[in-house]
Amino acid sequence: MKAYVLSILGVTICGIIIDVIIPSGKINNYIKSIYSIFVVAVILTPLINFFSKGKDFTLNYQDYAVNEKLLNFISNSKVDALEKELQQALINEGYSGVDINLNFSLENDEIVYNSCNVNISKLVIAEEKKHINKYQFISGVIEERTNLASEVIVFDE
């Protein structure tokens, strides 16, 4: 209580000094407004301390766990989107009917691609692309976007 009385006394003395030092005019109104906010904060401090007594407002982050279902849903959505992106990239290059299935795992909440299964049983190649090695080209597109090695890309016909 003694500290509260001293703080009110200090605020009052500061108010008197501000009133004497600051000249009248527009700036005086702004300073008095800021000072009023400061006075209200000093007066309300004991009330805030009184009502928050015994309550702990700190957050303990160990109490919160990652929602595994949500994390799996998001990861699967990202992988599905990448599979569709790869298929669209191949269509744009003249290779339609390719079905891509990426196999992945989660390590430290990050997606790590392990392997890729590519079904080319319904593959249709544009006429101008028939002379290109389809396995190398499709592997190159997948490697470029997933950083997978060509050894883990498996083709099914």
Exercise. Are the side chains of Glu83 and Asp99 in touch, meaning some heavy atoms are under 4.5 Å apart?
Worked result: no
Problem set entry | Side chain proximity check, Asn103 to Asn117, heavy atoms < 4.5 angstrom | yes
To the nearest 0.5 Å, tell me how far [X] [atom1] sits from [Y] [atom2].
X: Glu110; Y: Ser75; atom1: CD; atom2: OG; answer: 9.0 Å
X: Ile31; Y: Ser36; atom1: CD1; atom2: OG; answer: 11.5 Å
X: Ser139; Y: Phe155; atom1: OG; atom2: CZ; answer: 3.5 Å
X: Ile125; Y: Ile132; atom1: CD1; atom2: CD1; answer: 9.0 Å
X: Ile111; Y: Leu82; atom1: CD1; atom2: CG; answer: 8.5 Å
X: Leu86; Y: Asn101; atom1: CG; atom2: CG; answer: 11.5 Å

For this session: Please report the shortest heavy-atom distance between Ser121 and Glu157, naming the atom on each side.
Result: CB-C, 3.8 Å
For this session: Indicate the atoms forming the closest heavy-atom contact of Phe38 with Val11, along with that distance.
Result: CE2-CG2, 3.8 Å
Any chain of hydrophobic side-chain contacts (each under 4.5 Å) joining [X] to [Y]?
X: Ile34; Y: Ile17; result: no
X: Val39; Y: Tyr30; result: no
X: Leu71; Y: Phe73; result: no

Problem set entry | Test side chain to side chain contact (heavy atoms under 4.5 Å, CB included) applied to Ser96 and Leu123, Leu90, Ile91, the passing residue | Ile91
Problem set entry | Residue pairs involving residues 117-141 (criterion salt bridge (charged side-chain N to carboxylate O under 4.0 Å, His left out); sequence neighbours excluded) | Glu93-Lys129
For this session: Any chance you could lay out the side-chain contact (heavy atoms from CB on, under 4.5 Å) test for Cys116 and Ile100, step after step, and finish with the verdict?
Result: CA-CA 7 Å; Cys116 180; Ile100 297 173; 3.6 Å; yes
Exercise. Between Val98 and Val118, does a side-chain contact (heavy atoms from CB on, under 4.5 Å) hold up when you go through it step by step?
Worked result: CA-CA 7 Å; Val98 178; Val118 182; 3.6 Å; yes
Exercise. Is the Tyr95 ring parallel, tilted or perpendicular to the Phe137 ring (thresholds 30°, 60°)?
Worked result: parallel
Problem set entry | Donor-acceptor contact below 3.5 Å, side chain Tyr113 vs main chain Val79 | no
